[in-house]
Amino acid sequence: MPELPEVETVVRELRADGLIGRSITRAQAFWKPMIAPLTPAAFAAQLKGRRVQAIQRRAKYIVITLANGNTLLIHLRMTGQLNLVRKGAPRDPHQHIVLCLDDGRDLRYRDTRKFGRWILTRAPDTILGRLGPEPLSEHFDRKVFISQLRSRRRQLKPLLLDQTFLAGLGNIYADEALWDARLHPGRVASTLSAMEARRLHGAIRRVLRRGIQNKGTTLGSGKSNFKRPGGNRGQNQAGLKVFRRTGVPCLRCGKSIRRMIISQRATHICPNCQPA
DNA sequence: ATCGCAGCCTGTACGC
DNA sequence: TGCGTACAGGCTGCGA
């Protein structure tokens with residue numbers, strides 16, 4: 001569920017809500033695999049008394065720098081959410097981690113499917129360094145991207161979802177970017193013309209920027225869907241052009257949007273705008 | 001290098 | 001209403 005725009009939205013809201021500078025007065029973890037290899041006792045001991053120095057995003061990780069030199073990497077995977085609530089609020093059964101803050105609030109981690117991970121480490125680059133470039137960074141060079149793209153013999157869809165190739169795209173924004181660039185997701189990257197690769201570079205940045213502007217995508221109304229820390233929904237679903245719009249006329253040409261499976265993932269295209 | 005599959009979990013949507 | 005099945009926005013580890 002959360003991709004780059006959703007994670008960026010969470011990070012911005014946590015900052016805006018004054019999480020930086022707060023100290024953790026108590027930490028509890030109720031689902032062990034989520035914090036492994038730490039035990040809940042070690043997790044609690046390491047976090048207690050620590051002050052939050054910075055909150056950033058790298059790829060789909062929330063990166064929380066603590067004042068003692070430790071870094072907390074939080075990955076939301078499919079259904080993870082961070083909830084900022086008052087300390088006394090009853091604990092939702094899906095809230096598996098609770099950080100009590102020194103201002104009377106709790107930062108809680110809610111995750112129905114329990115796929116998310118919290119990693120406490122002194123060497124975050126061991127993990128973050130393996131990730132591909134940030135598509136919205138000023139260092140995301142168009143020429144470099146074009147040549148890397150055209151050097152690969154994979155289909156575009158799985159390549160764009162590969163976090164070591166490019167950081168932050170997930171199933172929604174990959175489909176949206178490919179529609180925007182008018183490229184079929186099954187195209188082999190090395191067959192792209194320079195012009196097509198250039199279109200994709202622009203499209204990726206465009207759909208991600210729009211996603212952030214709209215504060216993320218919240219599909220449907222289930223409690224597992226993306227929520228901002230304050231509990232609000234994202235608004236980007238209204239701006240989606242193909243994702244889960246099977247059978248709806250293409251906004252560019254009017255042809256019916258089709259759903260297919262590419263590398264085991266639901267994939268949505270306009271068969272007219274995105275020829276094989 | 002690349003592909004396909006199972007596994008990690010729970011909730012929801014849909015057909016009968 | 002109840003039951004069974006398929007599917008879900010991510011990622012990892014394995015064998016081929």
Side-chain angles (χ1 to χ4, degrees), chain A residues 1-10 30-37 57-62 73-82 92-97 109-119 126-128 130-132 148-179 185-191 207-208 211-212 214-228 233-247 259-268:
Chain A
M1 120 193 212
E3 307 179 27
L4 186 154
E6 289 72 37
V7 178
E8 180 66 27
T9 298
V10 169
F30 302 95
W31 182 254
K32 292 179 191 168
M34 203 162 266
I35 55 163
R57 180 193 59 74
R58 170 75 171 106
K60 298 176 194 171
Y61 285 92
I62 296 160
L73 299 178
I74 301 174
H75 200 300
L76 307 173
R77 294 281 181 100
M78 295 283 269
T79 52
Q81 306 168 348
L82 285 173
D92 177 298
H94 295 300
Q95 287 174 337
H96 305 298
I97 296 176
Y109 180 69
R110 184 177 187 283
D111 190 345
T112 45
R113 289 177 74 178
K114 300 177 177 164
F115 285 172
R117 293 291 175 265
W118 282 44
I119 301 165
T126 311
I127 292 166
L128 303 181
R130 285 197 284 257
L131 298 163
Q148 307 220 97
L149 190 64
R150 297 176 76 204
S151 74
R152 300 292 218 105
R153 287 161 208 265
R154 291 177 82 179
Q155 292 183 315
L156 291 174
K157 179 76 186 261
L159 186 58
L160 292 180
L161 292 178
D162 181 344
Q163 301 298 299
T164 68
F165 178 73
L166 184 66
L169 284 182
N171 213 25
I172 298 177
Y173 295 95
D175 279 8
E176 293 296 312
L178 288 166
W179 179 86
R187 285 279 301 278
V188 171
S190 57
T191 70
V207 299
L208 292 175
I212 295 171
N214 291 331
K215 299 185 188 291
T217 301
T218 302
L219 265 3
S221 50
K223 284 210 73 182
S224 301
N225 299 318
F226 172 65
K227 289 275 174 46
R228 287 149 50 196
R233 298 160 53 85
Q235 297 302 325
N236 195 242
Q237 54 282 9
L240 298 180
K241 305 296 199 299
V242 280
F243 193 80
R244 293 213 190 147
R245 287 170 57 83
T246 312
R259 179 185 188 273
M260 58 182 76
I261 302 293
I262 294 190
S263 67
Q264 295 96 241
R265 312 286 260 114
T267 301
H268 310 77

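Keep in mind that what you see is a predicted model, and the values were worked out from it rather than measured. Both backbone and side-chain heavy atoms feed into the values below; hydrogens, waters and symmetry mates do not.
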For this session: Given side chain to side chain contact (heavy atoms under 4.5 Å, CB included), test A:I172 with A:N236 step by step and report yes or no.
Result: CA-CA 11 Å; A:I172 298 177; A:N236 195 242; 5.7 Å; no
Within this structure, what is the [atom1]-to-[atom2] distance between [X] and [N], rounded to whole angstrom?
| X | N | atom1 | atom2 | result |
| --- | --- | --- | --- | --- |
| A:K157 | C:dC11 | NZ | P | 13 Å |
| A:R117 | C:dG13 | CZ | C1' | 14 Å |
| A:L161 | C:dG9 | CG | P | 10 Å |
| A:K227 | C:dG9 | NZ | C1' | 14 Å |
| A:E6 | C:dG9 | CD | P | 13 Å |

For this session: Look at the side chain of A:N171 and the backbone N and O of A:A266, then say whether any donor-acceptor pair between them is shorter than 3.5 Å.
Result: yes
Exercise. Does A:E176 use its side chain to pair, donor to acceptor, with the backbone of A:F243 at less than 3.5 Å?
Worked result: yes
Exercise. When the nearest nucleotide of DNA chain B is assigned to A:H94 and to A:S151 on a heavy-atom basis, which residue is associated with the more 5' position?
Worked result: A:S151
Exercise. Start at the 5' end of DNA chain B and walk down; is the nucleotide closest to A:K223 or to A:F115 reached first?
Worked result: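 Nearer the 5' end of the strand: A:F115.
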For a quick check of understanding: with a heavy-atom distance under 4.0 Å over all strands, which category does [X] fall into, base, sugar-phosphate or nothing?
| X | answer |
| --- | --- |
| A:L219 | base |
| A:R154 | sugar-phosphate |
| A:D111 | nothing |
| A:G222 | nothing |
| A:T217 | base |

Between [N] and [M], how far is it from one [atom1] atom to the other, in whole Å?
| N | M | atom1 | answer |
| --- | --- | --- | --- |
| B:dC5 | C:dC7 | P | 13 Å |
| B:dC14 | C:dG9 | P | 16 Å |
| B:dC9 | C:dG13 | P | 15 Å |
| B:dA6 | C:dA6 | P | 13 Å |

For this session: Check the pair A:L156 / A:L149 against side chain to side chain contact (heavy atoms under 4.5 Å, CB included), numbers first and verdict last.
Result: CA-CA 9 Å; A:L156 291 174; A:L149 190 64; 4.2 Å; yes
Exercise. Can you tell me if NZ on A:K215 sees more than 12 non-hydrogen neighbours from other groups inside 6.0 Å?
Worked result: no
Exercise. Judged by modelled atom types alone, do A:D175 and A:H268 share a side-chain donor-acceptor pair under 3.5 Å?
Worked result: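 The answer is yes; a qualifying pair exists.
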For this session: Return yes if a side-chain donor-acceptor contact under 3.5 Å exists between A:Y173 and A:E6, otherwise no.
Result: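 Yes, a side-chain donor-acceptor pair sits under 3.5 Å.
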Problem set entry | Heavy-atom closest pair, residues A:L4 and A:K60 |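 Closest heavy-atom pair between A:L4 and A:K60: N-CG, 4.3 Å.
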Exercise. A:Q235 and A:R233: which non-hydrogen atoms are nearest, and at how many Å?
Worked result: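 Closest approach of A:Q235 to A:R233, heavy atoms only: NE2-O, 3.7 Å.
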For this session: For DNA chain B, note the earliest and the latest nucleotide, 5' to 3', having some atom under 4.0 Å of a heavy atom belonging to chain A.
Result: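 First-to-last contact on DNA chain B, by the 4.0 Å heavy-atom rule, is B:dT2 to B:dG11.
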For this session: Please map the stems of DNA chain C, keeping only stretches of three or more Watson-Crick or G-U wobble pairs with both distances under 3.5 angstrom.
Result: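 Listed by first number, the stems are B:2-8 with C:10-16, B:10-16 with C:2-8.
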Exercise. Where do A:T79 and A:H94 land on the side chain to side chain contact (heavy atoms under 4.5 Å, CB included) test, with the steps shown first?
Worked result: CA-CA 10 Å; A:T79 52; A:H94 295 300; over 6 Å; no
For this session: Would you indicate whether the side-chain heavy atoms of A:D162 and A:R154 approach each other to under 4.5 Å?
Result: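 Yes, their side chains come closer than 4.5 Å.
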For this session: Classify the ring geometry between A:H75 and A:Y61 as parallel (under 30°), tilted (30 to 60°) or perpendicular (over 60°).
Result: perpendicular
Give me, pair by pair, the N or O atoms of the protein and of nucleotides 4-8 of chain C that are less than 3.5 Å apart, along with how far apart they are.
residue: C:dA8; atom: OP1; partner: A:R259; partner atom: NH2; Å: 2.2
residue: C:dA8; atom: N3; partner: A:R113; partner atom: NH1; Å: 3.0

